Each structure stands twice: as structure tokens, then as C-alpha cells.
**Student:** 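Got a structure here, written out as C-alpha cells. Questions coming.
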Amino acid sequence: MKKGSFFERSELTSHLWSFRREFLWVGFFSMVANLLLLTPTLYMLQLYDRVLKGRSELTLLVVTVVMVFFYAIMVVAEWLRSRLLVRGGVKMDEAMNAIVFNSSFARNLKQAGANPAEAIGDLTVIRQFLTGNGIFAFFDTPWTPIYIAVIFLLEPFLGWISILFCIIQLLVAWLNHKATINDIERAQKAGSESNSWFFGKLRNIEPVHAMGMTGSLRERWIEMHDHAMTRNGDMLHKQHRQQAFSKFVRYTMQSLTLGAGALMVIEGRMSAGGMIAANVLMSRALQPLDLLIVVWKPFIQARDAFFRLEKLFGDFPEAPAKPARPAPLGDVRIDGLKATVAGRPEPILHGLDATFPAGSVTAIIGPSGSGKSTLARCLVGAWPEVVGSVLYDEEPIESWNSQELGPSIGYLPQDIELFDGTIAENISRFGQTDPAKVIEAAQRTGIHESILRFPNGYNSQIGEAGGMLSGGQRQRLGLARAMYGNPSVLVLDEPNSNLDDAGEKALVQAVVQLKTAGKTVFLITHRLNILGAADRVLALKEGRIEHFGPRDGVLEVMNAQQAARKSVTPGSAG
């Protein structure tokens, strides 16, 4: 298949296309239900034109029983198509939720500020539309011409009137779309921005409360919320006006159809039964078109969600399968590593080259803004825009399967993120919990005794983002998570920033044990008292390696440079 050809399906379209059997069956049951909607028309024709004229009770009984039987089949068909759609929606969600999660995760890793809930919300919008009443309108609308064809059989003049009225109904729907689409988009955008801003401030509730920022932030949120409510109110007012006008048009057309039918009866061109039947058929013909107006907003929302998901899948497709590899031994090398960020002309890191053999402990130091934390994120493959290579055992980090490589990496970011769950779950990275490994990691960081003092020990809930823990406990728990399972490479960014003397001593002992076990450890730090645990030092300055080598040699050179700078002082005026 040629790329870009008309018949080439996107990943999202391909997944939806895989449910074509369910939709074909829904179409079949929709056909049965819509054909049987002719039952009341035929029943009335029989009543007015045969039963009432012949005064036959047996005929009345037979046509009534047939009518009830057809209604029963129609109800079963509608129930089956609803059941199929619900089951199809569940299957669609099961088939796509992992893909949406992975693509959304990849986007948020590479694009700061992306809305993490948007993709999951878009999948929900599509599923709800495809399993709700909206999709029935699209299955039922094609039957409108069949109803009109039956009206033509009853009386051609009424058939032409029906076509005219359907055109008017479609025109009303199109005008409704043109009149409200911009208001819908503006209202949705304003509401999303207001909610995102509000929940973002809730995540930082402690400084907001402590520094008395609640009032000013509340005023700003109320301003944004009022703007969103104004947009939403404008949209609803316009929609209600459009719906009221649509009702006026629909009721008028139905009554005019009845009046035209009465005229045909007066002229002797059709019977009274035909007049009533034509009016019912006209209502059936307009009903799907009327439903289209009602579901137009959900359709627009589902359409926009579809295009957003399609773009997400296009920008962040499922990664191809990567060859399985044994766990890395811990040899790490960076080759021409350059880290950039969108909107910044200068890179953060400038072509770094260095080799870190297994079993080495490297302290990465430098002033604020020198690129230490960026280098840490590059070493674990978490920086989005990288030129050059980070190699594990001489293999680029991106060539590894992240699920296989992840257990071999221990990472403690500068901003420690814990998750709602138990202490044991957080230490074991929410995977298969090995109690022995959990306790070992906790003991290495010196938090084991503290955990035992919790009411439920390792099964204690820590709350959202570890809100039930102190800063030092969160850091030790993050360290335990990084050390869980004895990973080959550990990257610890400011691991002692919140530790007391006992915690720092436990950290140094743990690093020494890791070095003895042949693990590769990176310590990003401002506090130089932990340098005793390192055997090498890498000093960064403005994104470049200023010094790199054995610890004592690098520190000696740096101390000499500092002494030289102090000795060169401007002379005083004589």
C-alpha cells in the first residue's frame, strides 16, 4: 500500500475498523427495526380501509395480533443493537486504552505542559458517542428516503412535500451547526482552561495556604470561571433558540402534511387511512433528522476528539518491538550528548563525552543552571530532545525495551514524585512486590524502622504524592524505590537534600555497598560532604564538562583555581 493513498488507514481508524462486524450487525438490526416502523402505518391503513368498512372483528383480531408480533420483533431488534453497541464500546476501550495510555505518556514525557487527561477523555467521548443515541441517528437517517418512497406510493403530491420538508429540516440542522460550532469550541476551551488552572493550584495547596495566596488566586480563578460561564451561557442561549426554532419548523411541517393529506381526501385522491398513515410516515422520516440536531454537539465533540487522538497516535505511534536483551552490566557512555529545549536558542548541554565503567561512583557537581539535572534525565532516557547518544553496554538507550531496561535503572529525580498507594507498592514500583527486596531497599536507606512504626507498616497508605510523609521520609522512600531490585545503574539527583545526619550516613553506606556490588552510581549534588562516597567527579559549567576524572585530582584542581581567584583581588586606590 502506498503511503498517503486514499485507502491507507491511520492507526486509530484501523482500530475502529476492526469493529466493523459489530457495526454491520447494528446496521442489520437497524434495518429490521426501521422496516418494522412501517407497522403502525400498515395497521392504520387496514383499520380505516378494511376493518371499519368491512366491520369484521376477525380481521381486526388478525391484524392486531400481527401488529403486536411485529412490534415485539422491533423491540428485540432495538435491544440487540443497543447491546451490541455497548459490548462494542467495552471491547473498543479494552483494545485502545493501553495504546492511548502509552501515546499520552510519551507525549507528556516529551512535551511539558501537555494535558495528561485529554487523551483518556477523548477516548471516553468517542466511546460514549458510538454507544449512545447519537450513533442511532446515523443508522436511522438512511431510512428516511424509504419512508418518503412509501408516502409517494400513497400520494405523489405528499411525497414531494415530504422531500421539501426534509430539505428544510437538513437546512435547519446545517444552519444550527454554523451558528453554534464556534460557540461550542470557545465554551469548551474556556471551561478546560479554567478547570486546569484550578486543579493545578490544588496540587500546590500548602504554599498557597501558608502564604495567604488563597484570596488572590480565588479572584483570578473566579475571573476565568466567569469567562467560561459566559461562553457557556452564550452557547446554551443560542442552542436553545435554535432548538426552539427547529421545533417550530418540525411541528409546522407535520401539521401541514396532515392538512395536505386532508386536501387529498377532499379531492378523492386518497382515503382517510392513507392521510393518517402519510402523516405518521412523515413523522418517522423527520425523526432521524430531528435527532441529528439534538446529537450535533456530541457529534462535533466526538469528531474533535477523534482528530486529536489521530494526531496523538501519528505524533507518538506505538514503538516497534525491540529485541530482548539481558540486563545491562552497568557500563555507561555518553557520546556527543547535546540536550536542547524548544524555544531556547542555546542547548542546555553542549556535546558531552565521557565514559563511566561499571562499579564506578561519579559525583556530578556544578553551579545552579549548569545542566546537572538535565544530564541526569538524559542518563535515564527521560529528556525529550537529545542529540548524540547515551549508551548502556555500548547500546543506545533508546534501542532497549523500556519495560526490560527499567528494572535495571534506579532514578531519584530532584522533585520526588510518589504515588497514591501503600509504602510497599511505591518501593516496588507498583510491580510484583517481593517483600524481601522491599525490606532490603528500605534498610539500605535507613527508613525500615520508621516504616515499622506506621500503623500498618509497609501496607500503610501514603496519600496523594506522599502527603502523609515528611520531606525526609519521602526522600528516603524515593531512594528505596530507586534501589529496589539492585539495579545496575542508579542516577540520584540531590539524594541528600532533605536528609538528616543519620539519613546521609545511611546513604553513604548504601552507595559504598552498591559500588562494591559493581553498580554504576551517579550522584548529582550541591552538598560536597557526600563526595567522600564518590571515586570520580564530573564538574559542569554552562552545560560543558569543566573537569572530569578521579575525585581527589579534580578537587585539587578546583581548590587551586578557587584559591587563585581569591588571590586576584582588585587593588585599592592609593
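Predicted model only: the values in this text are computed from it and were never measured. Index from 1, following the sequence.
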**Student:** Could you walk me through whether Val125 and Arg127 pass side-chain contact (heavy atoms from CB on, under 4.5 Å), step by step?
**Tutor:** CA-CA 6 Å; Val125 168; Arg127 186 188 70 247; over 6 Å; no
**Student:** Would you please name every residue forming a side-chain contact (heavy atoms from CB on, under 4.5 Å) with Asp393, sequence neighbours left out?
**Tutor:** Pro328, Leu329, Asp331
**Student:** Residues in side-chain contact (heavy atoms from CB on, under 4.5 Å) with Glu542, at least two apart?
**Tutor:** none
**Student:** Measure from the side-chain N and O atoms of Glu425 to the backbone N and O of Thr422, and report whether any donor-acceptor pair falls under 3.5 Å.
**Tutor:** yes
**Student:** Go through the structure and list residues passing side-chain contact (heavy atoms from CB on, under 4.5 Å) with Asn459, not counting sequence neighbours.
**Tutor:** Asn456
**Student:** Would the distance check show the side chain of Thr230 and the main-chain N or O of Asp226 forming a donor-acceptor pair, the cut-off being under 3.5 Å?
**Tutor:** yes
**Student:** Between Ile427 and Leu477, is a side-chain contact (heavy atoms from CB on, under 4.5 Å) present by the stated rule, with each step listed?
**Tutor:** CA-CA 7 Å; Ile427 293 178; Leu477 198 58; 3.4 Å; yes
**Student:** Heavy atoms, side chains only, cut-off 4.5 Å: are Arg377 and Tyr411 in contact?
**Tutor:** yes
**Student:** Going by ring pair (Phe, Tyr, Trp, His ring centres under 6.0 Å), name the pairs with one or both residues in residues 430-455, residues two or more places apart or in two chains.
**Tutor:** His448-Tyr458
**Student:** Side chains of Thr525 and Asn496: closer than 4.5 Å at any heavy-atom pair?
**Tutor:** yes
**Student:** Counting only heavy atoms not in Asn559, do more than 12 fall under 6.0 Å of its CG?
**Tutor:** yes
**Student:** Could you pull out all residues at least two apart from His547 that satisfy ring-ring contact (aromatic ring centres under 6.0 Å, His included)?
**Tutor:** none
**Student:** So Ile530 and Val508, do their side chains get closer than 4.5 Å, heavy atoms only?
**Tutor:** yes
**Student:** Counting N and O atoms only, with roles assigned by atom type, does the side chain of Tyr392 sit under 3.5 Å from a partner on the main chain of Trp400, one being a donor and the other an acceptor?
**Tutor:** no
**Student:** Got a sec, which residues hit salt bridge (charged side-chain N to carboxylate O under 4.0 Å, His left out) with Lys311, two or more places apart in sequence or on another chain?
**Tutor:** Asp315
**Student:** If you look at every heavy atom in Ala441 and Ala480, which pair is closest and at what distance?
**Tutor:** CB-O, 3.3 Å
**Student:** Val511 versus Leu507: any side-chain heavy-atom pair under 4.5 Å?
**Tutor:** yes
**Student:** Can you see which heavy atom on Leu352 is nearest to which on Gly543, and at what distance?
**Tutor:** CD2-O, 3.4 Å
**Student:** Listed by chain and number, what are the side-chain contact (heavy atoms from CB on, under 4.5 Å) partners of Gln513, not counting sequence neighbours?
**Tutor:** Arg444
**Student:** Enter the distance from Ile423:CD1 to Ser460:OG here, rounded to the nearest 0.5 Å.
**Tutor:** 5.0 Å
**Student:** How many angstroms lie between NZ in Lys372 and CG in Leu349, if you round to the nearest 0.5 Å?
**Tutor:** 11.0 Å
**Student:** Identify the heavy atoms of Ala442 and Ile451 that sit nearest to each other, and give their distance.
**Tutor:** CB-CD1, 4.1 Å
**Student:** Determine, step by step, whether Gln301 and Phe129 satisfy the side-chain contact (heavy atoms from CB on, under 4.5 Å) criterion, reporting the C-alpha distance in whole Å, the side-chain angles of both residues, the deciding distance to 0.1 Å, and the verdict.
**Tutor:** CA-CA 9 Å; Gln301 292 172 334; Phe129 178 78; over 6 Å; no
**Student:** Nearest 0.5 Å, what's the OG-CG distance between Ser497 and Leu412?
**Tutor:** 8.0 Å
**Student:** Can you name the nearest heavy-atom pair linking Asp353 to Gly336, along with the distance?
**Tutor:** OD1-N, 2.6 Å
**Student:** Roughly how far, to the nearest 0.5 Å, is the NZ atom of Lys519 from the OG atom of Ser488?
**Tutor:** 5.0 Å
**Student:** Can you check whether Lys338 reaches His350 side chain to side chain, under 4.5 Å on heavy atoms?
**Tutor:** no
**Student:** Could you report the tightest heavy-atom contact between Asn486 and Glu440, atom names first, then the distance?
**Tutor:** ND2-OE2, 3.8 Å
**Student:** What residues, two or more places apart in sequence or in another chain, satisfy salt bridge (charged side-chain N to carboxylate O under 4.0 Å, His left out) together with Arg476?
**Tutor:** Asp500
**Student:** May I ask you to test the Phe522-Leu375 pair for a side-chain heavy-atom distance under 4.5 Å?
**Tutor:** no
**Student:** Would you mind writing out the side-chain donor-acceptor pairs for residues 548-558 within the sub-3.5 Å range, not counting sequence neighbours?
**Tutor:**
{"from": "Arg551", "atom 1": "NH1", "to": "Leu531", "atom 2": "O", "distance (Å)": "3.4"}
{"from": "Arg551", "atom 1": "NH1", "to": "Gly532", "atom 2": "O", "distance (Å)": "2.9"}
{"from": "Arg551", "atom 1": "NH1", "to": "Ala534", "atom 2": "O", "distance (Å)": "2.9"}

**Student:** Search all heavy atoms of Trp383 against all heavy atoms of Val341 and return the closest pair with its distance.
**Tutor:** CZ2-CB, 4.4 Å
**Student:** Under the rule for side chain to side chain donor-acceptor pair (under 3.5 Å), what residues qualify as partners of Arg333, not counting sequence neighbours?
**Tutor:** Glu394
**Student:** Return yes if some donor-acceptor pair links the side-chain N/O of Asp335 with the main-chain N/O of Gly388 below 3.5 Å, else return no.
**Tutor:** no
**Student:** Quick one: pull up CD in Gln473 and CG in Leu418 and give me the separation to the nearest 0.5 Å.
**Tutor:** 11.0 Å
**Student:** Which pairs of donor and acceptor atoms, one on a side chain in residues 354-370, lie under 3.5 Å apart (sequence neighbours left out)?
**Tutor:**
{"from": "Ser360", "atom 1": "OG", "to": "Pro357", "atom 2": "O", "distance (Å)": "2.6"}
{"from": "Ser370", "atom 1": "OG", "to": "Pro367", "atom 2": "O", "distance (Å)": "2.7"}

**Student:** Quick one, Val438 with Thr433, criterion side-chain contact (heavy atoms from CB on, under 4.5 Å). Give me CA distance, side-chain angles, the key distance, then yes/no.
**Tutor:** CA-CA 7 Å; Val438 169; Thr433 301; 3.8 Å; yes
**Student:** Are the side chains of Asp493 and Pro413 in contact, using a 4.5 Å heavy-atom criterion?
**Tutor:** no
**Student:** Looking at Leu540, Val386, Ile348, Leu337, which hits side-chain contact (heavy atoms from CB on, under 4.5 Å) with Thr374?
**Tutor:** Ile348
**Student:** How far does CD1 of Ile524 sit from OG of Ser373, to the nearest 0.5 angstrom?
**Tutor:** 7.0 Å
**Student:** Listed by chain and number, what are the salt bridge (charged side-chain N to carboxylate O under 4.0 Å, His left out) partners of Arg303, not counting sequence neighbours?
**Tutor:** none
**Student:** Evaluate the side-chain proximity of Leu391 to Val332: yes if any heavy-atom separation is below 4.5 Å, no if none is.
**Tutor:** no
